[in-house]
Asker: 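For reference, the structure I am asking about is given below.
Just the heavy atoms: all of them, side chains too, but no hydrogens, waters or symmetry mates, feed the values below. Each chain gets a letter, A, B and so on, in the order the sequences are listed, and its residues count up from 1.
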Protein chains: 2
Amino acid sequence: MNPSPLPFEPDHNHDRCISEALEQARHLCRERRQRLTPIRELVLRLIWQSHQPLGAYELLPALAEAGFNSAPPTVYRALEFLQSQGLVHRIASLNAFIGCPHPEQSHQGCFLICRSCKSTLELESQPIQQAIRSSAGSLGFTIEQETVEIVGLCPNCQTRPQRDPQ
Amino acid sequence: MNPSPLPFEPDHNHDRCISEALEQARHLCRERRQRLTPIRELVLRLIWQSHQPLGAYELLPALAEAGFNSAPPTVYRALEFLQSQGLVHRIASLNAFIGCPHPEQSHQGCFLICRSCKSTLELESQPIQQAIRSSAGSLGFTIEQETVEIVGLCPNCQTRPQRDPQ
DNA sequence: AATATTTTGTTATAGTGTAACGCAATCTTT
DNA sequence: AAAGATTGCGTTACACTATAACAAAATATT
Ligand SMILES: [Zn+2]
Ligand SMILES: [Zn+2]
Ligand SMILES: [Zn+2]
Ligand SMILES: [Zn+2]
């Protein structure tokens with residue numbers, strides 16, 4: 001067990017990922033006077049079940065099991081709220097959602113997505129950010145939102161292609 | 001009229017963009033022994049009507065007008081072919097498609113998308129590519145496909161926000 | 001407690017994309 | 001040129017993703 005979740009390590013302490021993410025979500029929402037309702041918290045917990053982006057419709061059965069209404073608007077509303085608080089990011093190229101490991105300040109994610117095991121890692125890459133800002137700036141373009149999603153093979157899947165880390 | 005299409009210039013010679021794109025498409029397909037059928041060429045021409053990404057369903061009426069079948073599979077097949085030949089890129093964050101200005105060799109596009117006028121510019125930014133490769137490489141991640149889509153305001157729309165270049 | 005605001009339930013529908021199958025057109029081989 | 005193989009297209013149906021609109025319930029505010 002690693003003390004902190006390492007990128008693409010299938011045997012990291014993921015229970016800790018979950019509990020930390022939930023704890024931080026509760027803390028941030030309290031601080032911001034936003035309501036982390038049972039549905040919202042459940043959706044966040046479900047998304048954090050793995051490091052693989054989850055589609056909105058994959059959440060519905062679990063919501064139903066938990067006794068909630070399970071129509072699309074329910075889950076999309078929860079996802080919208082979580083996104084607005086920076087707790088969740090949407091992966092445009094997958095139509096899916098993933099928990100943000102550092103939601104304390106709003107930011108643009110940069111994602112490495114493994115084609116094989118689907119594990120997805122959010123980067124904070126200064127060089128990438130800088131290069132984008134520089135390219136856009138030199139053309140007089142003002143950046144408002146960035147989508148950077150890199151698909152490929154994670155280290156595990158290059159050697160053990162069939163492995164499926166959470 | 002500019003001799004070559006400048007980024008975010010609404011009054012560039014766009015007829016030339018179109019004719020060059022079509023000419024190059026014909027040339028590349030001939031060279032690769034791929035069939036640029038009437039439907040495929042029409043879809044490419046429609047996409048090149050502007051520098052604004054076009055949704056698949058926006059193409060259907062024009063296909064119908066031209067006397068072709070206008071069911072979704074028709075246009076999606078054409079788009080799939082054009083993408084396979086690098087003649088068109090898909091913008092994941094918009095669910096839309098745009099013509100590629102330099103399809104002669106396969107590449108990963110990086111797109112600047114104006115939120116106001118929707119004009120979209122494809123960049124070939126070595127620094128961005130390099131930064132992405134470096135970040136991924138240091139984590140042992142092998143890149144297969146990149147999605148880099150930057151939304152913001154182009155120079156025109158920062159000063160004349162309501163303008164709508166082609 | 002009364003009122004306003006926010007959240008959720010519910011139904012319906014819009015928007016995006018694909019499966020599957022048969023026919024037609026084109027290419028390849030004889 | 002004829003026969004067979006391959007590719008592209010027409011057609012229908014459907015899957016997946018997301019939102020509009022309005023009523024009911026829960027919560028916050030006065
Ligand atoms: Zn984890
Ligand atoms: Zn994040
Ligand atoms: Zn042009
Ligand atoms: Zn391109």
Side-chain angles (χ1 to χ4, degrees), chain A residues 25-26 29-47 52-85 87-98 118 147 149, chain B residues 25-26 29-44 46-47 52-85 87-98 118 145 147 149:
Chain A
R26 285 186 279 257
C29 288
R30 202 177 313 126
E31 200 170 62
R32 298 169 182 168
R33 293 190 172 42
Q34 297 289 318
R35 293 168 54 195
L36 188 62
T37 63
I39 289 185
R40 292 168 175 174
E41 185 171 328
L42 173 56
V43 168
L44 184 59
R45 180 164 34 234
L46 290 170
I47 284 186
Q52 307 168 0
L54 221 55
Y57 280 73
E58 298 181 79
L59 295 164
L60 289 179
L63 252 73
E65 266 185 47
F68 292 103
N69 173 34
S70 72
T74 300
V75 66
Y76 277 104
R77 282 170 188 149
L79 288 169
E80 187 183 12
F81 170 83
L82 295 170
Q83 283 180 272
S84 78
Q85 298 305 312
L87 298 166
V88 156
H89 295 292
R90 180 171 186 271
I91 308 294
S93 59
L94 297 179
N95 294 334
F97 301 84
I98 192 167
K118 310 290 191 245
T147 300
E149 298 168 7
Chain B
R26 284 185 280 256
C29 287
R30 200 178 315 126
E31 201 171 62
R32 297 170 183 169
R33 293 191 172 40
Q34 296 289 318
R35 295 168 52 193
L36 189 61
T37 64
I39 289 185
R40 292 167 175 176
E41 185 171 329
L42 174 56
V43 168
L44 183 60
L46 290 170
I47 284 186
Q52 306 167 0
L54 221 54
Y57 280 72
E58 297 180 79
L59 295 164
L60 289 179
L63 252 74
E65 265 185 48
F68 292 102
N69 172 35
S70 72
T74 302
V75 67
Y76 277 103
R77 283 169 187 153
L79 288 170
E80 187 182 12
F81 170 82
L82 295 171
Q83 283 180 272
S84 79
Q85 297 305 311
L87 299 166
V88 156
H89 295 293
R90 180 169 186 271
I91 308 293
S93 58
L94 297 178
N95 293 335
F97 302 84
I98 192 167
K118 311 289 192 245
Q145 185 225 319
T147 300
E149 300 168 6

Asker: Rounded to the Å, how far apart are I39(A) CD1 and dG9(C) C1'?
Answerer: 9 Å

Asker: Figure out the CG/P separation between L36(A) and dT6(C), and round it to whole Å.
Answerer: 17 Å

Asker: Going from CD on Q145(B) to OG on S93(A), what distance comes out if it is rounded to the nearest 0.5 angstrom?
Answerer: 6.5 Å

Asker: dG9(C) phosphate, OP1 or OP2: any side-chain N/O from T74(A) under 4.0 angstrom?
Answerer: yes

Asker: Which nucleotide in the set dG17(C), dC9(D), dT8(C) lies at the smallest distance from any side-chain heavy atom of F97(B)?
Answerer: dG17(C)

Asker: Closest approach of Q83(A) and F97(A), non-hydrogen atoms and distance?
Answerer: OE1-CE2, 3.6 Å

Asker: Quick check on dT16(C): is either OP1 or OP2 less than 4.0 Å from any side-chain nitrogen or oxygen of N95(A)?
Answerer: no

Asker: Identify the heavy atoms of T147(A) and E149(A) that sit nearest to each other, and give their distance.
Answerer: CG2-OE2, 3.3 Å

Asker: Taking atom C1' of dT7(C) as reference, at what distance in whole Å does atom CD of E41(A) sit?
Answerer: 16 Å

Asker: Round to a whole Å and report the spacing from CG of L94(B) to C1' of dG17(C).
Answerer: 16 Å

Asker: Write down the protein N/O and nucleotide N/O pairs, taken from nucleotides 18-27 of chain C, whose separation is under 3.5 Å; answer none if there are no such pairs.
Answerer:
{"unit_1": "dA20(C)", "atom_1": "N6", "unit_2": "R77(B)", "atom_2": "NH2", "d": "3.1"}

Asker: Is there a side-chain contact between T37(A) and the phosphate of dA26(D), meaning an N or O under 4.0 Å from OP1 or OP2?
Answerer: no

Asker: Please figure out whether F81(A) or N69(A) has its closest DNA chain C nucleotide nearer the 5' end.
Answerer: F81(A)

Asker: If we fit an axis to the first five pairs and another to the last five of the helix from dA1(C)-dT30(D) to dT30(C)-dA1(D), what angle do they make, to the nearest 10°?
Answerer: 30°

Asker: For the side chain of A56(A), starting at C-beta, report the closest nucleotide among dG8(D), dA18(D), dG10(D).
Answerer: dA18(D)

Asker: Output the distance between atom CZ (R35(B)) and atom CD (E41(B)), rounded to the nearest 0.5 Å.
Answerer: 13.5 Å

Asker: Given atom CZ of F68(B) and atom P of dC9(D), what is their separation to the nearest angstrom?
Answerer: 9 Å

Asker: Might you point out which heavy atoms bring L44(A) and L87(A) nearest each other, and give the distance in Å?
Answerer: CD1-O, 4.0 Å

Asker: To the nearest Å, how far apart are L54(B) CG and dG17(C) C1'?
Answerer: 16 Å

Asker: Is there a side-chain contact (heavy atoms from CB on, under 4.5 Å) between L46(A) and L63(A) once you walk through the steps?
Answerer: CA-CA 9 Å; L46(A) 290 170; L63(A) 252 73; 3.8 Å; yes

Asker: Once you apply a heavy-atom cut-off of 4.0 Å, does R40(A) come out as touching a base, just sugar-phosphate, or nothing?
Answerer: sugar-phosphate

Asker: Between OG1 of T74(A) and CG of L59(A), what distance do you get to the nearest 0.5 Å?
Answerer: 11.5 Å

Asker: So how far is it from L42(A) CG to E65(A) CD, rounded to the nearest 0.5 Å?
Answerer: 10.0 Å

Asker: Rounded to whole Å, how long is the line connecting atom CG of L42(A) with atom P of dT8(C)?
Answerer: 11 Å

Asker: At what distance, to the nearest 0.5 angstrom, does CZ of R90(B) lie from CD1 of I98(B)?
Answerer: 13.5 Å

Asker: If I take atom CZ in residue R33(B) and atom P in nucleotide dG8(D), what distance separates them, rounded to the nearest angstrom?
Answerer: 15 Å

Asker: Tell me, with the steps shown, if N69(B) and I39(B) meet side-chain contact (heavy atoms from CB on, under 4.5 Å).
Answerer: CA-CA 9 Å; N69(B) 172 35; I39(B) 289 185; over 6 Å; no

